Every structure is written in structure tokens, then in C-alpha cells.
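Small disclaimer: the values here were computed from a predicted structure and weren't measured.
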2 protein chains.
Amino acid sequence: MENRRILIIEDEPAIREMVCFAMERAGFDCAQANDAEEGQACIAERAPDLILLDWMLPGISGVDLARRLKREELTRNIPIIMLTAKGEEADRIRGLDVGADDYVVKPFSPRELVARINAVLRRVSPETPEPVLEVDGLVLDSVGHWVSAKGQRLEMGPTEFRLLHFFMTHPDRVYSREQLLDRVWGRNVYVEERTVDVHIRRLRKAIEARGHDKLIQTVRGAGYRFSTRG
Amino acid sequence: MENRRILIIEDEPAIREMVCFAMERAGFDCAQANDAEEGQACIAERAPDLILLDWMLPGISGVDLARRLKREELTRNIPIIMLTAKGEEADRIRGLDVGADDYVVKPFSPRELVARINAVLRRVSPETPEPVLEVDGLVLDSVGHWVSAKGQRLEMGPTEFRLLHFFMTHPDRVYSREQLLDRVWGRNVYVEERTVDVHIRRLRKAIEARGHDKLIQTVRGAGYRFSTRG
DNA sequence: CCGTACTGTCATCAAACCGTAATATACATC
DNA sequence: GATGTATATTACGGTTTGATGACAGTACGG
């Protein structure tokens, strides 16, 4: 499951960093831009799912950029949340008038921002039907957060759940311990490589009730693989 | 059945009183608010069935408030009738544009207002999908505002009621504390995440008499889930 | 004005979970 | 079969997370 991509266009580095940090912690991928031009470049190449746009920007203002984006066919559907400095009523209305989907008044709390982003995204692409993964009778429901095999509920810890989720979405391919750490634990997290062995063990144990532990194969000298083909 | 609750937001006391009087005589419960802020407070705590909203308000204007309410998930479904001073065509269009369900031009007769209110309520209420929710013998009547399990009435606070209502309308799905705050408490309310735990606890306690507390499941590291599957 | 109901926060406790190291086992090569 | 290496398994201490009870502030009705 890919993370949603957020682009923040804001000339104040402090705010940009703060927001970006909050976004990544909330599970979004965050890109930054200094001004409108840079922002447009980012939009063109990364096609963000949502844009946080500062009201005041040097050069082309946020309002102008918003208006421009909403006029373009390609970018019209990308939701925009304006970051406005003061609670000027007229500004807010104008912001919404140019097509922004919501606005947040500075100073704002990271949580409020995240909440608004989620709300806007929810409005734009409502209730995604649940992606239920199934391999050989092993079922993983990422929305309901549970795993079952032929009707029987399987219990496991959060890490094992993520690990299994990763495997089920990336089958038939060997991943080294390092790669697994990178993709399941997350980038800049430092844990011993051998720890992967332990979690593999825990995962196997959790799914062995119906013989699904066979799906996780050890590839000596290379890593692990998830596959139906023995 | 309880009376419908109407909220009038209007800065002119004379009109407010007049309308209120007419409403009560027509069999509605009527609450009053002076401006947008006061109005929002009323909405949050009394959940009116319909809002009469003055076009011009000091501070946050009626238009802006309407737009805001229509953007919030919690308040989106509350019908709004705008009270406009003059029959400016542009205003009417804009008013409906922001999501208002109808408008009335001042000066208006009480009878006309009541007629329009009834019309709007009639139009809106058939859209109410399920007034009474039922899961595994647990019954929640969102209109009557009560909960019962196998005939036994269950007592709980307003927040627990909303929480349960949300859960019953969104089962089999894990929600993080943040999402719950976002969707049950509403946005721009700043509450500690751990507070969710406490209300979960209160809700469980309220419905445990017939073992329904099992329906609310903790998903470690992820949040909570409401589901019959155990 | 006082009692009641409700809410949000905090402190504390128990359980679940995680990472690491130690030990046992499997594998490959000679 | 012996030896060295890679993996499996187990055990354990520390940390995180959730459950729970207590408490103070607030709103409200009487």
C-alpha cells in the first residue's frame, strides 16, 4: 500500500519542516517546495495527492497558484488546503472562492492539520473498498486488521502483521534481511539484522496452524521469500 | 417522538424572538444563538435537526458558517435555511451554492417559514438511511437517542452514544485514536489521544450487561474495532 | 446557589511486544 | 565426518501500550 503524497509549498523553512515532520509521522510521504515555481515543478513530476499551500508566497502568491491549478485540467482534482496567516474572514472566503478545498489558520496544531488532510482526502476519494489479500487460503484484511486461515482467526503482533502484509503484497521474490528491515521496519531505524530471523520465526508460528508457515521460505545466504511454489 | 429541534442563528433580537415564538407554537423546540460562534457551540452540543441562519452576521458571516458546516462530516446532514435580507438573485444562488437547503427572504411571515421548514425536513428525513441500528441484539435508536440490549435500556453519556453510533455505522474496520477523534469528536477539537481510551472504557462498561463489550475490540498498535467476529 | 452529570487528563498497573544474546540445529565444503 | 558458517529457536530484560480508577473543571437543572 503506497502512502499518500503530500506536497507543502511554503516559504518559511521552520513551518515547512514542522509540517513535513508531522506529515511523515502521520504516514504520508511529504515533499517540500519553497515557492510557486518550485511547487509547480513538484506537482508536475510527483503528482501529489494533496497540496498544502501557503497563502503568502514570494513571487506568485498562493492564491494565484491555487487559481491556476484549479484551472488546469490535469491538476484540477488535486485537493488544496490553504495555510492562512491571520483569521481574516475575507481571505478565507476568497481562498475557498479560488477553489481551495479547506483552509487552516496559523498557528495550527499538527494534529488539526492531519485531521483536515484526512477529512479532505476522505471527501475526495470516499471509503476505499477494503483491500483484502488472499493467498492459498490465508486471508489478510488490512482494514479490519486481522488475519485468518480457513475461517480460523490467527493472532500475531503488529510487526508480524506488517511483515506478513509486506510479504503478501510482494510474493515470489527474495528479500534480504536488510531489505526487510528497510521496508517493514522503516528507513532510518537501526535494528540488528538477526532480529528479522526472530520475527520470521514468530510469524511462522502464528500462521502454522493450517500449514501456511511453508509459504515463508528461507533462502540460504540471501534472505526470505514468500511464495506458494515450494 | 420528540419534537424537532430548530436552531436559529440571528443577531437581530427582535427577529430571533419572533421566529422562536412561531417555532415553538408550531411544535418545534427552538434554540437561539447570537452569532456564528455561539451557533457552533449550540450545534455541537444539541445537534439540531435544522438550522435557520441569518445571511449577515457580525464576525463570521452566515455564508461562511454554512460553508463550514457543510464541509464538516458531523454537521453536513443538518439542513440549513438561510434568512436573507433582500431577494438578490446573486445572493440566492451563492447561498444555495454553499450548501444551504433553502432560503427565505425577509420580511417573511411565520407561516411561510414554518411551511418551508416542514418542506425541508420532509425532503431531508426520507434520506435518513437507518434510524434504528441493530447489531447482535444491541439496538441504537439515533432518533430517540437511546440504546438497549434485549429489552434492557442502557445508559451512557453523549460522547459514548456518538462513539457507539459511529462504530455501529462503521463496523469491521480498525480506527486509530486519531481517526476516532476526528470523526466522533469532530475536527478542530483538541483532545488528548488517550482520552479515547477512557471513553472506550466507559462505552464498554455501559454495554457490558449483555456481553456486548466484546464487540469493541482493541487492536494493539492500531486502534479499536467494532465487530461481531470475535 | 448547590448537587448532578459529563468530560478530559493523569497516575498507576498489567500485559503485550520488541530487540538482543545465547544456544541449538542445519548446511556446505572439504 | 569434521569444521566453519548460516539459520532456527529459546530465553530474557526493557520498553511500549492499553486498561482502569481517581480527580478536577464545567455545564446544567433545580
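Remark: A/Tyr175 pairs with no residue by the side-chain hydrogen bond (donor to acceptor under 3.5 Å, both in side chains) rule, at least two apart or across chains. Residues satisfying the side-chain hydrogen bond (donor to acceptor under 3.5 Å, both in side chains) test with A/Arg202, not counting sequence neighbours, are none. Taking the side-chain contact (heavy atoms from CB on, under 4.5 Å) definition, one finds that A/Glu24 meets it with A/Cys30, sequence neighbours left out. Every residue two or more places apart in sequence or in another chain that forms a side-chain hydrogen bond (donor to acceptor under 3.5 Å, both in side chains) with A/Arg204 is listed here: A/Thr218. Evaluation of the side-chain contact (heavy atoms from CB on, under 4.5 Å) rule for A/Arg210 yields A/Ala149, A/Lys150, A/Gln152, A/His212 as partners, not counting sequence neighbours. Applying the side-chain contact (heavy atoms from CB on, under 4.5 Å) test to B/Phe108 and every residue at least two apart in sequence or in another chain returns B/Ile15, B/Met18, B/Val19, B/Leu83, B/Val104, B/Lys106, B/Glu112, B/Leu113. A search for side-chain contact (heavy atoms from CB on, under 4.5 Å) contacts involving B/Glu208 returns B/Lys205, B/Asp213, not counting sequence neighbours.
Salt bridge A/Arg5/A/Asp29: absent, no basic N to carboxylate O contact under 4.0 Å.
Listed by residue number, A/Val191, A/Glu192, A/Thr195, A/Val198, A/His199, A/Arg202 are the residues of residues 188-203 of chain A with a heavy-atom contact under 4.0 Å to DNA chain C.
B/His170 has its ring centre no less than 6.0 Å from the ring centre of B/Phe226.
No hydrogens or angles considered: nothing links the side chains of A/Asn118 and B/Arg183 as a donor-acceptor pair under 3.5 Å.
Using a 4.0 Å heavy-atom distance criterion, B/Glu155 is classed as making no nucleic acid contact. If you check every strand for non-hydrogen atoms under 4.0 Å, A/Phe161 touches nothing.
One atom, NZ of B/Lys205, and another, P of D/dG18, lie 20 Å apart when rounded to the nearest Å. Between B/Tyr175 atom OH and D/dG18 atom C1' the separation is 21 Å, expressed in whole Å. Atom CZ of A/Arg204 is separated from atom P of D/dT7 by 11 Å (rounded to the nearest Å). Between the CE atom of A/Met156 and the P atom of C/dC18 there is a distance of 12 Å, rounded to whole Å. Atom P of nucleotide D/dG18 and atom CD of B/Gln217 are separated by 15 Å, given to the nearest angstrom.
Between atom CG of residue B/Asp35 and atom CD1 of residue B/Ile9 there is a gap of 8.5 Å, rounded to the nearest 0.5 Å.
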When you compare the protein's N or O atoms with those of nucleotides 2-4 of chain C, which come within less than 3.5 Å of each other, and at what distance?
none

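Sequence neighbours left out, the pairs with a member in residues 159-172 of chain A that pass salt bridge (Lys or Arg N to Asp or Glu O under 4.0 Å) are A/Asp172-A/Arg229.
OP1 or OP2 of D/dA8 has at least one side-chain nitrogen or oxygen of A/Thr218 nearer than 4.0 Å. Between B/Trp185 and C/dT7 there is no side-chain N or O to OP1 or OP2 distance below 4.0 Å.
When the local axes at the two ends of the helix from C/dC1-D/dG30 to C/dC30-D/dG1 are compared, using 5 base pairs at each end, they differ in direction by 30° after rounding to 10°.
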Checklist outcome for this item: Per-nucleotide protein contact along nucleotides 25-30 of chain C, 5' to 3', at a 4.0 Å heavy-atom cut-off (B base, S sugar-phosphate only, - neither), is --B---

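Side-chain atoms of A/Arg177 and A/Asp197, non-hydrogen and from C-beta on, do get closer than 4.5 Å to each other.
The shortest non-hydrogen separation linking B/Ile117 to B/Met23 is CD1-SD, 3.3 Å.
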